[in-house]
Amino acid sequence: MKKYREIFRELRPYRGEFILGPLTKLVEAILELCLPVLMGRIVDTGFSSDSRGYIVRTALLMFGMTALGLAMAAICQYCAAKASSGVAARLRDRLLTKVDSLSVAQQERCGVPFLHVAMTSDVNQVSTAVSMVIRLCSRVPFITIGGVLAAIILDAPMAVVIGVGSALFFVTLLLIIRVTFVRYKVVQKKLDRISQVVNERLAGIRVVRAFSREKYHQEVTDQAGEAYAEESISVGKYSALLRPITILIMNAAVVFVLWVGGYRISSGALTAGMLLTFINYIFSIFDELNKLGNLVVIFSRSFVSAERIESVLEMEPAKVAASDDETRDDGAHGADDEAHNAKDADHEVLVKWEHVWFSYLTDRADAEEYYALKDVSFELRKGEKLGIIGTTGSGKSTIIALLLHLYDITKGRITVDGHNLITMDDRTLHTRMAPVFQTTALFEGTIRENILLGRSTPLAEEEIQTRCEVAQAWNFILEKGGLQAHVEPKGKNFSGGQRQRLAIARALCTDSEILLLDDCTAALDRETSARFSSALAAHTASHQRTVVEVSSKISEIQDANWILVMDNGSVVGQGKHEDLLETCEAYARIAQSQEMGGVE
């Protein structure tokens, strides 16, 4: 059971429920085993002597035992519900925390559909198994074993019938388990596929409609659903065999007992009450065996789900520890930085890239054509602005992702304030950087909650307004009803430009010293974009903030202290705006196309 140790960790807080629940179920099982004996006595003693008093007293005793059993069952049900729902909540919380701690590369390797199903369907399966353990795992073996022993005490020769029937049942059960356990893994994978298809369709529904591809995507979704249905039905057919086989064996046993029991009653070896008790035990035993079969089906699915959950919980965040050589390199570079600062005391190197190579395909990093970035080097000093421009797919956004340490670089070295990025704690790193991505993410709540998302301390109302004005967002915030205005999920009640400006305001409302702007004004018109660039320059100058801005518009980065021109993952030009116009053909070509009214 070591392979499920992470799951067992979440069961520990509910030790009380795992003890009390089975104990109450055990009491219920004992009472249930006593009822057939009392029923047999009513037949043998009460009916034979026509003693109504004995019948009434025994019936009242049976009623009291049934009421007590009902109370025990209610307590057990409460324990099962509390433990199963609690374990499910704890597992989902741990899974979400674990996924948040993983690098983007690790999340991509797992896949969103897999993680989505793990946190929903798989957790539900484990929760169901926890409930069944408390409710039935003590009752089933006790009634089965207790019923067999009681049958042997009543009449040993006839108890052989139960033994033979139980053996047949277990053989059938093992065959079904062997088939279904493997097939349930396939079922969960088919469910992953459905999740993937549905998420893709919902995310791209506007594009699908724009190109009239509804029919095609409906067919893809139908295929995924049909594949899941076929596999589920196939597994269900095997699982469904348990019930009819159990009933067949049980009824065959009852027929045999009635046939043989008639002869034994005639010979005086058995009474009518004992025969009735024996038949009741047969029904009880095979009913519990049928429950055992259902439990095995449930546990088969739960073990598959538990393995999937365990695989996520056991993942270690891809944080690479610096080697001794890297540590010594840091010291050497630190000495170099001190020497450099002694020469130029007005500027400190804040971000430094040294011959950085990066590939998203880690298994193909030996081939240069698979690199998204190739031998990139630059320096950025505190209070400066770095502009990055280039054609689509040239690696501009990848630079932002690597600065946030969303991926580990393949070769080279990145330092932030003299510290190797690999050795820095991600939480500390992210508090120093405030990103605005191309795709904005707004959450359901209020505007205030969204723009103060990156802060842990309060911010004065006047300062919030000032920073929203820099982002050119304050006017439409007032039109929407102020900072307490409602934001729908994903910001559906705002336009694309408004969502981008709210995302910019969120970054500005942090105290991060580095602003990372990844083409964040793509949805803004030229006039609004120009006002934002002017206001941002004033804001960064007064607050001593460093800016890394990726843009497709030269007008937004021409005031930068340093500009990188990217092409096919390589830096083809570095310098100021005026110098690049003369020395970098790619930059001059972009500038010329934009002067003619286009945006490259």
Side-chain angles (χ1 to χ4, degrees), residues 3-4 6-7 10 84 87-89 91-92 94-96 98-99 102 104-133 172-205 207-208 213-245 293-315 363:
K3 64 188 298 185
Y4 302 114
E6 296 295 333
I7 303 293
E10 303 310 320
S84 61
V87 168
L91 280 175
R92 287 196 179 96
R94 280 197 64 194
L95 281 169
L96 184 60
K98 173 61 70 173
V99 171
L102 299 177
V104 173
Q106 287 176 305
Q107 294 176 12
E108 290 175 350
R109 282 197 296 271
C110 289
V112 172
F114 176 88
L115 296 173
H116 180 260
V117 173
M119 283 190 276
T120 52
S121 176
D122 289 333
V123 170
N124 286 341
Q125 293 293 342
V126 172
S127 174
T128 301
V130 169
S131 178
M132 292 298 103
V133 166
T172 305
L173 183 61
L174 289 174
L175 291 175
I176 292 175
I177 292 171
R178 185 175 180 180
V179 175
T180 57
F181 187 79
V182 177
R183 300 292 287 274
Y184 276 127
K185 290 186 177 181
V186 180
V187 169
Q188 291 303 101
K189 289 181 180 179
K190 299 293 184 184
L191 191 59
D192 290 346
R193 175 60 181 163
I194 290 179
S195 177
Q196 177 187 7
V197 170
V198 171
N199 285 336
E200 286 178 351
R201 301 303 170 265
L202 292 177
I205 192 167
V207 178
V208 171
R213 299 289 287 171
E214 294 95 335
K215 185 176 180 180
Y216 167 76
H217 287 289
Q218 183 63 50
E219 291 174 355
V220 173
T221 306
D222 290 343
Q223 289 173 3
E226 289 171 2
Y228 173 75
E230 288 176 4
E231 198 64 40
S232 298
I233 291 172
S234 176
V235 178
K237 288 178 180 178
Y238 290 105
S239 302
L241 290 174
L242 270 176
R243 182 66 178 173
I245 290 176
N294 292 330
L295 278 178
V296 170
V297 173
I298 291 172
F299 288 150
S300 295
R301 299 192 66 174
S302 299
F303 284 137
V304 172
S305 296
E307 287 179 6
R308 289 158 57 90
I309 293 171
E310 194 81 11
S311 68
V312 178
L313 294 179
E314 287 183 341
M315 292 181 68
D363 57 334

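Since this is a predicted model, take the numbers as computed values, not measurements.
Listed by chain and residue number, Glu6, Glu10 satisfy the salt bridge (charged side-chain N to carboxylate O under 4.0 Å, His left out) test with Arg94 (two or more places apart in sequence, or in another chain). Taking the side-chain hydrogen bond (donor to acceptor under 3.5 Å, both in side chains) definition, one finds that Arg193 meets it with Gln196, sequence neighbours left out. Every residue meeting the side-chain hydrogen bond (donor to acceptor under 3.5 Å, both in side chains) condition with Glu307, not counting sequence neighbours, appears here in chain and number order: Lys3, Tyr4. In terms of the salt bridge (charged side-chain N to carboxylate O under 4.0 Å, His left out) criterion, Glu214 has no residue partners (sequence neighbours excluded). For the side-chain hydrogen bond (donor to acceptor under 3.5 Å, both in side chains) test, residues two or more places apart in sequence or in another chain that qualify with Ser305 are Asp122.
Of the possible donor and acceptor atoms, none in the side chain of Ser121 sits under 3.5 Å from a partner among the backbone N and O of Val117. With hydrogens and angles disregarded, no donor-acceptor distance shorter than 3.5 Å links the side chain of Ser127 to the backbone of Ala88.
Note that CZ of Arg213 is 9.0 Å distant from CD of Glu219, once rounded to the nearest 0.5 Å. The line from CD1 of Ile309 to CZ of Arg92 is 9.0 Å long, rounded to the nearest 0.5 Å. How far CD of Glu310 is from CZ of Phe303: 12.0 Å, rounded to the nearest 0.5 Å. For the atom pair CG (Leu313) and CG (Leu91), the distance works out to 7.0 Å, reported to the nearest 0.5 Å. Taking NE2 of His217 as the reference point, atom CG of Asp222 lies at 13.0 Å (rounded to 0.5 Å).
A salt bridge is defined here as a Lys NZ or Arg NE, NH1 or NH2 lying under 4.0 Å from an Asp or Glu carboxylate O, and Arg308 with Asp192 meets this definition.
Using a 4.5 Å heavy-atom cutoff, the side chains of Met132 and Ser302 are not in contact. No side-chain heavy atom of Leu95 sits less than 4.5 Å from a side-chain heavy atom of Leu115. Between Leu191 and Val187, every side-chain heavy-atom pair lies at or beyond the 4.5 Å cut-off.
Surrounding NZ of Lys190 are at most 12 heavy atoms belonging to other residues, nucleotides or ligands under 6.0 Å away.
Taking all atoms of both residues into account, the shortest heavy-atom contact from Gln107 to Leu102 is NE2-O, 3.3 Å.
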May I have the list of side-chain donor-acceptor pairs in residues 225-232 shorter than 3.5 Å, sequence neighbours left out?
residue, atom, partner, partner atom, Å
Glu231, OE2, Arg183, NE, 2.7
Glu231, OE2, Arg183, NH2, 3.2
Ser232, OG, Tyr228, O, 2.9

